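Below: the structure, in structure tokens.
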2 protein chains.
Amino acid sequence: MVTEPVRRVPADESSHRLVRDMVLDRSSPVPLYFQVAQHLEAAILDGRLQPGTRFDNEVLVAEQLGLSRPTMRRAMQYLVDKGVLVRRRGIGTRVVQPKVRRPLGLSSLYEDLAASGQHPSTQVLSLSVEPASAVVAQALALPVETPVTVVVRLRSAADQPIARMANYLPHTVLTGIGDGLTESALEAYGLYQLIRGLGIQLHAADQTIGARSATAEEGRLLGERRGAALLTMQRTAYDDHGRAVEYGSHIYAASRYSFELSMLAG
Amino acid sequence: MVTEPVRRVPADESSHRLVRDMVLDRSSPVPLYFQVAQHLEAAILDGRLQPGTRFDNEVLVAEQLGLSRPTMRRAMQYLVDKGVLVRRRGIGTRVVQPKVRRPLGLSSLYEDLAASGQHPSTQVLSLSVEPASAVVAQALALPVETPVTVVVRLRSAADQPIARMANYLPHTVLTGIGDGLTESALEAYGLYQLIRGLGIQLHAADQTIGARSATAEEGRLLGERRGAALLTMQRTAYDDHGRAVEYGSHIYAASRYSFELSMLAG
DNA sequence: CAGTGGTCTAGACCACACC
DNA sequence: GTGTGGTCTAGACCACTGT
């Protein structure tokens, strides 16, 4: 028996064009699902796919792109995890807000400032080896009095002091490089950049953000009055094996700096 | 030709026992990959799987559990994303640190305090409808002067004031419930709990954390001296469709509160 | 070289939402 | 019902790591 072709509920026209014109390189080392995800994300960010746009169902889209369904699913799931798409069983897949999310992952103040074109500069106030205090030892899971490398830096942007940062590194981290950690290197690069350059994979970090009043000396250093509000942040960073790699205790001039976080629901 | 059976590099004994004893319920609505992930995570958290333990390769483990490789992969990938496992091509899969990660997702101060057994209490200082100021309008993406519901609360724990929280809700969010947002409800539950109870899916949030000095009035309210350091936090929360659902501007007594964040590398 | 995880395919069945 | 995403399977080939 002959019937009319099924009248599919159409997805938005814009997604049709986009999918039709998408070019994938099967010989590239970049995975197909990632190529697809990048194309889609770019289209969302530059407005070719507006928020609210609905996709065809994943089987169809996969077909149109010449991909298997699992591969297409993976591309979409990647964007869902990134917060760019929303999917609901029985409903469909839609584009959400193209908001630029800056998850503040394991970045450093230096990288943050550099990325926003603030021309950061660093002055190393001290670089030494000292026995670990109780707090430092606790944070790095070392016995008290274990020698650790201590670097104190003053971070500025646009010739204004922003933060005083004290970092503590266990010597196990520095074996094999020894003097890779020089004053000049520390003034040219962020600490995290140097650590990663040493082949250490940063994996996770615990942070505490608080506030207190500046002492007279801290005020002088940061160009604030005594008693001015300071932001404080303590951070312990861990590598793949769960070993504490770095502990930092930092103060920020609250009048010139704040933390911004974007997060997805959990 | 007959050869000796291949001498496999063995994984740790503890993982063998665990996998052998794992029971899966194929008739459960809980997905298999999730059941597996939960079993493994529980074993890691309670120490049956120590940090550093190495798994057999995923094909073997899948076999031992009577699962397909993709399903097993999915369970492991879930734990990798959660930061509990680390995988490296050519190397293997290992357990990392069982650190309790508290991602501080879209939780509220109320939920944080309640979870840590602090017996929080709330006092509604005001509940009204007011025209949106410039900042509020900007944060909620509304025209200036649009009427919004404003609730100001004082949050305490252990009879000590902790925070003053001002929240602004567009009326589009409240349609259909109207008076679900009462003073008594606000004093008994967290605001986010109430919003979720209204069937609204929280999706993402942008936050800014800063610090400043307390005014005399703020000091009185929070039991601090004038000029004491305050933590400040502004947050805009969005739903699935990217619509701003809530804006909050809060101050915290820094001597009694700080933010803790755990994060994975990105 | 052997062993590992990373990617991809082609299909199947199920649970949920809306009409 | 019909259409959607969610789960699961059985296999294949590839890329990277170490010996």
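For clarity, every value in this text was computed on a predicted model and none was experimentally measured. Just the heavy atoms: all of them, side chains too, but no hydrogens, waters or symmetry mates, feed the values below. Order of the sequence lines fixes the chain letters, A, B, ..., with proteins taken first and strands second; residue numbering starts at 1 for each chain.
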message: I need the residues from residues 21-40 of chain A with at least one non-hydrogen atom less than 4.0 Å from DNA chain C; give them sorted by number, or say none.
response: Arg26(A), Pro31(A), Leu32(A), Tyr33(A)
message: Donor-acceptor check, side chain of Arg54(A) to backbone of Arg94(A), threshold 3.5 angstrom: yes or no?
response: no
Kindly give the atom pairs (protein nitrogen or oxygen, nucleotide nitrogen or oxygen) under 3.5 Å for nucleotides 12-14 of chain C.
from    : atom 1 : to       : atom 2 : distance (Å)
dA12(C) : N6     : Arg69(A) : NH1    : 3.0

message: Suppose we screen for salt bridge (Lys or Arg N to Asp or Glu O under 4.0 Å). Which residues come up paired with Arg73(A), at least two apart in sequence or across chains?
response: Glu58(A)
field: Residues which pass salt bridge (Lys or Arg N to Asp or Glu O under 4.0 Å) with Arg48(B), listed by chain and number, not counting sequence neighbours
entry: Asp46(B)
message: For Leu24(A), give me all partners under side-chain contact (heavy atoms from CB on, under 4.5 Å), at least two apart in sequence or on another chain.
response: Met22(A), Leu32(A), Gln35(A), Val36(A), His39(A), Leu67(A)
task: Using whole Å, report how far CZ of Arg54(B) lies from C1' of dG5(C).
output: 12 Å
- prompt: side-chain hydrogen bond (donor to acceptor under 3.5 Å, both in side chains) between Tyr78(B) and Glu41(B): does it pass, once the steps are laid out?
  reply: CA-CA 10 Å; Tyr78(B) 175 83; Glu41(B) 189 176 13; 5.2 Å; no
task: Check whether any side-chain N or O of Arg73(B) sits under 4.0 Å from OP1 or OP2 of dG5(C), and answer yes or no.
output: no
message: Please enumerate all residues that pass salt bridge (Lys or Arg N to Asp or Glu O under 4.0 Å) together with Arg89(A), with sequence neighbours excluded.
response: none
message: List the residues meeting side-chain contact (heavy atoms from CB on, under 4.5 Å) with Pro70(A), not counting sequence neighbours, and say none if there are none.
response: Ser68(A)
task: Taking side-chain contact (heavy atoms from CB on, under 4.5 Å) as the test, write out the residues that go with Tyr33(A), two or more places apart.
output: Pro31(A), Thr71(A), Arg74(A), Ala75(A)
task: Between Gly90(A) and Gln77(A), name the one whose nearest nucleotide on DNA chain D is closer to the 5' end.
output: Gly90(A)
statement: Across all chains, not counting sequence neighbours, the salt bridge (Lys or Arg N to Asp or Glu O under 4.0 Å) partners of Asp21(B) are none
query: For dT7(D), does either OP1 or OP2 sit under 4.0 Å from a side-chain N or O belonging to Arg74(B)?
result: yes
- prompt: Taking atom C1' of dT7(C) as reference, at what distance in whole Å does atom CD of Glu58(B) sit?
  reply: 11 Å
task: Using only side-chain N and O atoms of Arg87(A), determine if any of them is under 4.0 Å from OP1 or OP2 of dT4(D).
output: no
- request: Identify which nucleotide among dG5(D), dT9(D), dC8(C) has an atom closest to any side-chain atom of Ser68(A), counting heavy atoms from C-beta outward.
  value: dC8(C)
message: Looking at Thr71(B), I'd like to know whether one of its side-chain N or O atoms comes within less than 4.0 Å of OP1 or OP2 on dT9(D).
response: yes
